[in-house]
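Indexing begins at 1, ligand by ligand and atom by atom, following the structure's order. If you're wondering where the values come from, they're calculated on a predicted model, not measured in any experiment.
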Amino acid sequence: MWMSNKSLNITVAPSPITELEAEVLKKKQIRLLVKRDDLLQPAGDRRFCGNKVRKLQYNLIAARQTGYHQLLTFGGAYSNHIAAVARAGKLYGFRTIGVIRGELHEPLNPTLDRATADGMQLHYLDRATFLQKHQPEIRQQLLELYGKSYILPEGGTNELAMQGCAELAGEIEQQLGRLPDYLAVACGTGGTMAGLIRGCTGKCQVLGVSALKGTWMGEEITGLLGDDHNYSNWQVFTQYHFGGYARFPEELKEFTRRFKEEYGIQPDPIYTSKLFFGILDQINQGFFPSGASIVMVHTGGLQGVNDTIML
Ligand SMILES: *Cc1c(COP(=O)(O)O)cnc(C)c1O
């Protein structure tokens with residue numbers, strides 16, 4: 001019943017780029033554009049979209065080529081990565097196992113409910129064990145329980161994921177004729193940003209906005225860049241987390257509603273609302289010189305918006 005064909009075809013057609021029009025941009029002579037990866041749906045399926053497509057693309061191809069029929073990965077109960085892996089498994093013919101941090105709560109939240117509906121088998125690990133998940137013994141136990149699996153790390157960030165994200169830079173360069181002065185992206189694990197930094201090869205500044213509380217995101221990205229760590233054309237803003245991961249206070253809700261109204265683009269609550277808020281705030285504060293061009297990457301994340309958050 002599983003596809004025996006060893007090649008898997010995922011073609012990522014370039015997502016559009018939209019320019020935003022606003023008085024403040026005119027006044028400051030700044031061009032602000034959005035790369036619409038939220039519209040990236042290679043399988044024509046709205047639940048497999050955004051940066052998760054770029055991060056999974058080469059992993060899925062590698063898994064198929066090396067004969068795996070099952071993907072096993074890790075995440076929190078609200079993880080977009082878990083949702084994307086479950087959906088990708090359904091779309092491309094892989095069984096999927098999701099190792100979830102914490103205990104089973106019933107009824108399942110919409111993310112896990114849908115992952116289950118997409119055929120993902122869930123395995124819960126208490127928080128202490130979850131922290132040890134990459135230890136060989138824990139991996140071994142999971143593999144003994146579930147059988148041979150292609151393992152994707154929590155959040156899906158690995159070398160192949162960064163390779164997919166690096167291509168985003170080249171795509172933007174082709175579409176605009178050159179790279180903008182700044183590329184901006186939201187950070188969870190930092191894998192998408194690290195890929196972009198590599199893809200830009202020093203030709204533009206890459207700005208990150210961390211969706212998580214804490215100031216360590218820069219170190220995380222330095223670690224991910226590895227031997228490419230001598231790129232210095234990037235920085236992370238850590239002051240726009242709004243209380244931390246998945247926190248969505250009233251001020252941010254209000255901003256998200258206004259952004260949608262003014263520009264006709266729906267930000268997701270966990271990542272891109274914080275990115276757009278942060279970059280617009282930096283524009284107002286004068287961070288960007290007159291004449292600058294900025295492309296903000298809309299990394300998607302909208303698959304759960306309507307049912308988890310009242311926007
Ligand atoms: C997962 C996700 C991110 C974070 O990507 P990382 O590579 O983990 O930094 C950003 N935006 C959206 C919409 C996501 O779903």
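- Polar contact check, Tyr271 against ligand 1: no nitrogen or oxygen pair lies under 3.5 Å apart.
- With hydrogens left out, the protein atom closest to atom 3 (C) of ligand 1 is Asn51 ND2, 3.4 Å, a heavy atom.
- Using a 4.0 Å cut-off between heavy atoms, His81 makes no contact with ligand 1 at all.
- Defined by atom type and a distance below 3.5 Å, a donor-acceptor pair is present between the side-chain atoms of Thr129 and Asp126.
- For the pair Lys26 and Glu21, the salt-bridge criterion is not met [side-chain N within less than 4.0 Å of a carboxylate O].
- In this structure, a donor-acceptor pair under 3.5 Å is present between the side chains of Asn158 and Asn59.
- For Cys187, the closest heavy-atom approach to ligand 1 falls below 4.0 Å.
- Arg36 and Asp38 are joined by a salt bridge, as a carboxylate oxygen and a charged side-chain nitrogen come within less than 4.0 angstrom of each other.
- The option with the heavy atom closest to atom 4 (C) of ligand 1, from among Gly75, Gly188, Gly300, Ala83, is Gly188.
- Annotation: Gly155 places no N or O atom under 3.5 Å from an N or O atom of ligand 1; distance criterion only.
- Of the protein's non-hydrogen atoms, Lys52 NZ, 1.5 Å is the one closest to atom 1 (C) of ligand 1.
- The distance from atom CG of Asp268 to atom OG1 of Thr272, rounded to the nearest 0.5 Å, is 3.5 Å.
- Checking only distances, Asp268 never comes within under 3.5 Å of ligand 1, N or O to N or O.
- For ligand 1 and Gly190, the ligand atoms under 4.0 Å from any heavy atom of the residue are 6 (P), 8 (O), 9 (O).
- Here the protein heavy atom with the shortest distance to atom 11 (N) of ligand 1 is Thr299 OG1, 2.6 Å.
- Under a 4.0 Å heavy-atom criterion, Thr272 is not in contact with ligand 1.
- Among Thr192, Val185, Leu212, the residue whose heavy atom lies nearest to atom 7 (O) of ligand 1 is Thr192.
- Applying the 4.0 Å criterion to heavy atoms of Asn80 picks out, from ligand 1, the atoms 14 (C), 15 (O).
- In this structure, the side chain of Arg64 engages the main chain of Tyr92 through a donor-acceptor pair within 3.5 Å.
- Between Glu173 and Arg178 there is no salt bridge, since no side-chain nitrogen of the basic residue lies less than 4.0 Å from a carboxylate oxygen of the acidic one.
- Both the backbone and the side chain of Thr189 come within 4.0 Å of ligand 1, judged by heavy-atom distances.
- Under the 4.0 Å criterion applied to side-chain N and carboxylate O atoms, Glu167 and Arg54 are not assigned as salt-bridge partners.
- Heavy-atom proximity to Gly301, at under 4.0 Å, picks out these atoms of ligand 1: 13 (C).
- Only the side chain of Lys55 comes within 4.0 Å of ligand 1, judged by heavy-atom distances.
- Applying the ring-ring contact (aromatic ring centres under 6.0 Å, His included) test to Tyr146 and every residue at least two apart in sequence or in another chain returns His123.
- We find that Lys260 and Glu254 are not joined by a salt bridge, their nearest charged nitrogen and carboxylate oxygen being 4.0 Å or further apart.
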For a quick test of your reading: what N or O donor-acceptor pairs under 3.5 Å do the side chains of residues 134-141 make, sequence neighbours left out?
unit_1, atom_1, unit_2, atom_2, d
His134, ND1, Arg139, NH2, 2.9

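- Residue-level proximity to ligand 1 for Ile270 is absent, since no heavy atom of it falls below 4.0 angstrom.
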